[in-house]
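Computed from a predicted model, the values in this text were never measured in an experiment. The sequence lines fix the lettering, A, B, ..., with proteins before strands; numbering per chain opens at 1.
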Amino acid sequence: MLDQPMTPNSRNCKILYFAWVREKMGRGSEEIEIPSSVLTVGDLIFFLKSKGGEYALALENESVIRVALDQAHASRETKLGQPREIALFPPVTGG
Amino acid sequence: MLDQPMTPNSRNCKILYFAWVREKMGRGSEEIEIPSSVLTVGDLIFFLKSKGGEYALALENESVIRVALDQAHASRETKLGQPREIALFPPVTGG
Amino acid sequence: MSVRLQRESFDIGAELKALRGDNCDIGAVVSFTGSVRGTVGGGDLLSMTLEHYPGMTESELRLIEDEALKRWSLEASLIIHRYGTLEPGEDIVLVATASPHRAEAFEAAQFIMDYLKSRAPFWKNETLRDGKSGWVDAREGDKSAEERWKTS
Amino acid sequence: MSVRLQRESFDIGAELKALRGDNCDIGAVVSFTGSVRGTVGGGDLLSMTLEHYPGMTESELRLIEDEALKRWSLEASLIIHRYGTLEPGEDIVLVATASPHRAEAFEAAQFIMDYLKSRAPFWKNETLRDGKSGWVDAREGDKSAEERWKTS
């Protein structure tokens with residue numbers, strides 16, 4: 001077991017996309033492995049954006065992207081922890 | 001005609017009473033001759049109160065009494081003029 | 001843009017539907033309903049009788065509505081106030097305002113209620129279950145609620 | 001003390017009646033109804049589709065209601081929000097609050113709407129009569145409306 005590369009705190013998470021983030025991503029959800037270097041929500045956005053392609057497109061205007069961890073609003077400084085579910089979406093427009 | 005006592009601006013007005021002012025007066029309305037010396041709403045209250053009896057009773061706590069001239073709210077300083085209808089009542093409590 | 005003074009109760013759902021009509025510029029409707037509470041300062045209420053000043057009441061309510069229409073751009077508004085004898089749980093007053101966005105409807109409805117409470121010539125007389133009865137005193141808060149809308 | 005998320009429309013009159021029940025401590029009920037307008041920035045609207053985040057939507061609405069119940073002593077409250085495709089004139093949201101006196105019901109209803117507008121995970125997609133469609137941008141005013149309720 002010690003022969004395997006250790007990535008403590010690297011974790012598989014379900015990521016959900018909503019509204020135009022979902023449209024730009026071309027899918028509503030996926031599983032993503034998040035490396036141990038990603039500590040905060042801000043890090044997560046940076047990590048996803050760096051994957052390029054649809055990620056770069058969907059997160060182009062990154063300052064407007066909102067994030068929820070396990071269905072609770074999170075700020076850029078929020079520690080990512082070990083969420084079961086992450087969601088990325090534009091500012092909400094209900095009501 | 002010149003032999004008659006002249007009271008310019010003395011006028012007959014209908015006065016209405018509401019709520020506990022009406023109850024203390026023992027009537028809902030009456031005609032009253034208002035002497036020429038009564039120029040403002042404040043003067044009117046003073047004049048009525050000076051009549052004594054039920055007037056003094058109803059207007060005892062005179063600072064809370066509200067007055068309307070021709071169905072419009074008036075303050076103590078409002079000129080009385082020649083209203084067709086005057087109303088005296090406690091602070092309103094609708095709604 | 002409608003003021004009604006009546007003895008009868010009203011149907012809030014039907015009134016709000018009529019207020020809206022088929023006006024598709026309305027994005028927000030705010031309603032306020034005031035009703036008779038069962039317990040008052042002095043004890044349990046049997047009934048409440050609303051006296052008013054016929055003629056002045058209607059014109060005062062219209063003035064209040066006109067002022068609201070001047071201050072906020074409303075698509076529609078409604079004031080219904082009852083008089084006569086009401087029991088606990090019965091509605092006394094309905095104020096409704098409609099506008100494209102919510103802030104105006106909320107503010108206008110509050111304004112109308114605050115002004116109505118301190119300017120419309122209604123007086124409440126409470127009869128308690130124990131037989132006592134008396135006139136309701138004006139609430140100090142109602143005067144200050146009106147004053148926050150003063151424009152200089 | 002009730003939150004509902006549904007596709008179907010709602011009957012405002014029936015909802016307000018149920019909210020009140022036979023609670024005779026309620027002297028004031030405030031309702032807000034938000035509905036789909038027929039004309040939007042881009043032109044005439046054919047329909048609007050509300051996407052939401054199942055699970056988070058309900059919990060977020062409950063959090064907002066809980067916060068309102070903490071800040072104001074309400075006798076009852078209700079939040080109904082629809083999702084799916086709606087046409088101009090259709091209702092989107094109903095917020096209702098009930099309290100002994102009017103100030104609390106008014107403030108709580110405004111608070112709930114302001115928070116809902118900036119926190120409940122709904123997104124509106126408009127389809128215009130000319131065939132164009134697009135996501136509605138968040139209104140700048142909604143963020144500042146939420147911020148006035150911040151407690152330090």
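- Looking at Ala109(C), both its backbone and its side chain come within 4.5 Å of chain D, counting heavy atoms on both sides.
- Heavy-atom pairs under 4.5 Å with chain C were tallied for Cys24(D), Gly89(D), Ala96(D); the largest tally goes to Cys24(D).
- In this model, a donor atom of one side chain and an acceptor atom of the other lie less than 3.5 Å apart for Glu104(C) and Ser73(C).
- No more than 12 heavy-atom neighbours from other residues, nucleotides or ligands sit within 6.0 angstrom of CD on Glu87(D).
- Ranked by heavy-atom pairs shorter than 4.5 Å toward chain C, the options Ala14(D), Gly38(D), Gly27(D) are led by Gly27(D).
- Across Asp25(D), Ile92(D), Val29(D), Asn23(D), the residue that shares the most heavy-atom pairs under 4.5 angstrom with chain C is Val29(D).
- A 6.0 Å sphere centred on CG of Asp130(D) holds more than 12 heavy atoms belonging to other residues, nucleotides or ligands.
- With a 4.5 Å cut-off on non-hydrogen atoms, Lys117(D) touches chain C through its side chain but not through its backbone.
- Note on Ala105(D), Pro100(D), Ala98(D), Ala145(D): by heavy-atom pairs under 4.5 Å with chain C, the leading option is Pro100(D).
- Of the listed residues Ser35(C), Gly141(C), Gly13(C), the one with more heavy-atom pairs under 4.5 angstrom with chain D than any other is Ser35(C).
- When each of Thr39(D), Asp114(D), Val93(D) is scored by its heavy-atom pairs under 4.5 Å with chain C, the top score falls to Asp114(D).
- Side chain of Arg20(C) to backbone of Ile26(C): no donor-acceptor contact under 3.5 angstrom is found.
- Classified by interplanar angle (parallel below 30°, tilted 30° to 60°, perpendicular above 60°), the ring pair His81(D)/Phe122(D) is parallel.
- Between the side chains of Ser77(C) and Thr97(C), no donor-acceptor pair is found at a separation under 3.5 Å.
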